[in-house]
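Heavy-atom basis, side chains included; hydrogens, waters and symmetry copies ignored. Quick note on labels: first sequence line is chain A, next is B, and so on, each numbered from 1.
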There are 2 protein chains.
Amino acid sequence: MSSNQDVNGGRTRTTRRSRDEGVRRAEILDAAIARFGRDGYENTKWAEIADDVGIGPTALYHYFDSKQHCLYVILDEALGELHERFDAITAEHADAGEVLRALCADCFELSEREVLRNRVLVAEQVLLSGTSSSQREEQARLAGREKTRGLELAWARFLADAMSQGAIPERDPRMLARAILGLYNSIWHWYRPDQTLLLPTLSEFFTARMLAVAGMSTDRAPAA
Amino acid sequence: MSSNQDVNGGRTRTTRRSRDEGVRRAEILDAAIARFGRDGYENTKWAEIADDVGIGPTALYHYFDSKQHCLYVILDEALGELHERFDAITAEHADAGEVLRALCADCFELSEREVLRNRVLVAEQVLLSGTSSSQREEQARLAGREKTRGLELAWARFLADAMSQGAIPERDPRMLARAILGLYNSIWHWYRPDQTLLLPTLSEFFTARMLAVAGMSTDRAPAA
DNA sequence: ACGTCCTGATTCGAACTCACGTCAGGTACA
DNA sequence: TGTACCTGACGTGAGTTCGAATCAGGACGT
């Protein structure tokens with residue numbers, strides 16, 4: 001992998017954190033996720049996040065190059081954790097069918113913060129295209145871009161393997177990965193954590209639909 | 001329906017258009033669709049659209065209240081045409097299975113302009129939340145919001161009907177509508193009209209996946 | 001037919017708003 | 001003294017507002 005670089009903003013390599021290991025930075029990220037996830041990136045004023053944390057707007061630039069840079073770090077973090085979970089699950093099962101079921105189910109084991117972060121991810125992932133000016137910002141952008149691509153490829157590789165195992169029908173694995181991930185991502189365009197609809201309910205419905213897209217239907221239907 | 005109001009900007013009721021019935025306005029919409037679809041709404045400068053049409057930036061405000069108002073009109077137009085096509089197809093077949101197949105196939109009969117417009121739609125539909133200041137702008141926003149809801153409800157009604165006909169398995173129709181539309185919409189997040197991938201190829205793959213989500217699979221797969 | 005007056009559609013340049021970002025510098029703690 | 005952290009004053013750029021100029025066409029008296 002090409003992403004062992006320090007992408008989170010040149011903080012992790014500094015010899016010693018003053019006393020509280022980047023808590024401010026984490027506070028800012030949490031506030032940004034909450035605002036971006038609830039109101040959207042564009043509707044959120046950079047200064048509001050400063051207020052949430054209790055510092056002046058200028059102080060934010062001590063931690064991030066720009067509002068966009070902060071967003072890129074959030075996206076990068078989200079994509080990184082998604083990929084980690086993918087790897088963990090593919091490692092712990094052998095049968096492709098089991099893995100696929102476990103992957104789909106795991107997609108809904110989310111804290112409120114993670115739901116919000118998913119909302120940010122699907123709403124603003126498009127901003128990972130189009131170049132940036134600053135150094136660290138461009139670096140974070142490319143890292144996010146690469147992680148998106150990496151996750152998609154990991155899914156495609158897994159699906160191709162599942163096809164050769166006969167767990168799902170043969171199809172273009174890349175397209176199928178896009179279809180499954182697209183169906184999953186579409187949820188966060190409308191789902192909000194404060195709704196009456198709960199995650200287990202969502203999970204029950206959508207894991208089955210995701211498996212159906214893959215061709216592993218759990219029910220029998222009238223054929224064509 | 002509540003949308004017989006004049007939402008496109010108070011032009012249609014004026015007694016006489018100078019001589020060319022709103023060609024400028026149409027030019028602006030075309031330029032905006034092209035820019036928004038290619039570069040994204042936020043990355044497009046309002047003044048660039050004015051340049052494309054060959055007028056000064058301020059002249060745009062003769063046709064639209066704001067950049068957002070222009071976007072809302074585009075979204076409204078897109079959603080309106082989608083609903084029209086939905087109605088036309090549901091009217092011309094009787095069997096629910098046939099209708100579903102026809103609906104999915106029709107979703108890919110698109111001109112380049114329509115593809116771009118779909119890109120704008122899926123990328124910026126979230127902006128239909130969150131109130132607006134101006135009068136006409138808020139009106140256009142609500143119209144778009146209502147059309148979104150209407151299209152989703154129309155799909156849900158149709159799917160419920162298909163279930164009672166036995167064409168697809170029984171499930172929550174509202175959720176299923178969101179799943180099918182979500183899978184379809186996800187395409188336009190990554191598909192660009194200038195790619196080597198052609199619409200017929202897309203159609204072949206994704207109509208089958210959409211039908212699979214509905215539970216009308218065309219192939220047999222290893223069951224659970 | 002022809003010049004005058006009027007109106008509404010369309011356009012523009014200059015100025016304003018507002019949010020993001022920069023700069024020079026201040027405080028506190030090692 | 002140096003570094004982390006923070007601030008107030010200021011600059012910038014995109015969107016928007018405002019007042020005024022231009023232009024086409026209708027009404028009207030001659």
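- For Glu138(A), the salt bridge (charged side-chain N to carboxylate O under 4.0 Å, His left out) partners are Arg141(A), not counting sequence neighbours.
- Between the NE2 atom of His62(A) and the P atom of dT3(D) there is a distance of 13 Å, given to the nearest Å.
- If one axis is set at each end of the helix from dA1(C)-dT30(D) to dA30(C)-dT1(D) from five pairs, those axes are 10° apart, to 10°.
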Tabulate protein N/O versus nucleotide N/O from nucleotides 15-19 of chain D, keeping only pairs under 3.5 Å, one per line.
unit_1: dG15(D); atom_1: OP1; unit_2: Trp46(B); atom_2: N; d: 3.4
unit_1: dG15(D); atom_1: OP1; unit_2: Lys67(B); atom_2: NZ; d: 3.0
unit_1: dG15(D); atom_1: OP2; unit_2: Trp46(B); atom_2: N; d: 3.0
unit_1: dT16(D); atom_1: OP2; unit_2: Tyr61(B); atom_2: OH; d: 2.8
unit_1: dT16(D); atom_1: OP2; unit_2: Lys67(B); atom_2: N; d: 3.0
unit_1: dT16(D); atom_1: O5'; unit_2: Tyr61(B); atom_2: OH; d: 3.2

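- Residue Arg24(A) places at least one side-chain N or O under 4.0 Å from the OP1 or OP2 atom of dC6(D).
- Annotation: ring-ring contact (aromatic ring centres under 6.0 Å, His included) contacts of Phe86(A) (sequence neighbours excluded): Trp155(A).
- Going from atom NE2 of His69(A) over to atom P of dC20(C) covers 17 Å, rounded to whole Å.
- Between the P atom of dT27(C) and the CD1 atom of Ile55(A) lies a distance of 19 Å, rounded to the nearest Å.
- Nucleotide dA14(D) holds its P atom 9 Å from the CD atom of Glu48(B), rounded to whole Å.
- One distance of note links CG of Leu82(B) with CG of Asn118(B); it measures 6.0 Å at 0.5 Å rounding.
- Applying the side chain to side chain donor-acceptor pair (under 3.5 Å) criterion to Glu137(B), with sequence neighbours excluded, gives Ser66(B), Ser132(B).
- Judged as a side chain to side chain donor-acceptor pair (under 3.5 Å), and not counting sequence neighbours, the contacts of Ser134(B) are Asp65(B).
- Arg119(B) pairs by the salt bridge (charged side-chain N to carboxylate O under 4.0 Å, His left out) definition with nothing, not counting sequence neighbours.
- In this structure, Leu71(A) atom CG and dG21(C) atom P are separated by 12 Å, rounded to whole Å.
- The salt bridge (charged side-chain N to carboxylate O under 4.0 Å, His left out) test applied to Glu81(B) returns Arg117(B), not counting sequence neighbours.
- Residues passing the salt bridge (charged side-chain N to carboxylate O under 4.0 Å, His left out) test with Asp52(B) are Arg35(B), sequence neighbours excluded.
- With sequence neighbours left out, Asp172(A) forms a side chain to side chain donor-acceptor pair (under 3.5 Å) with no residue at all.
- To the nearest angstrom, P of dT11(C) lies 14 Å from CG of Asp51(B).
- Gln68(A) and Tyr72(A) share a side-chain donor-acceptor pair at under 3.5 Å.
- If you check residues 26-40 of chain A against DNA chain C, you find no residue with a heavy atom closer than 4.0 Å.
- Among pairs with a residue in residues 178-192 of chain B, those fulfilling salt bridge (Lys or Arg N to Asp or Glu O under 4.0 Å) read Glu152(B)-Arg178(B), at least two apart in sequence or across chains.
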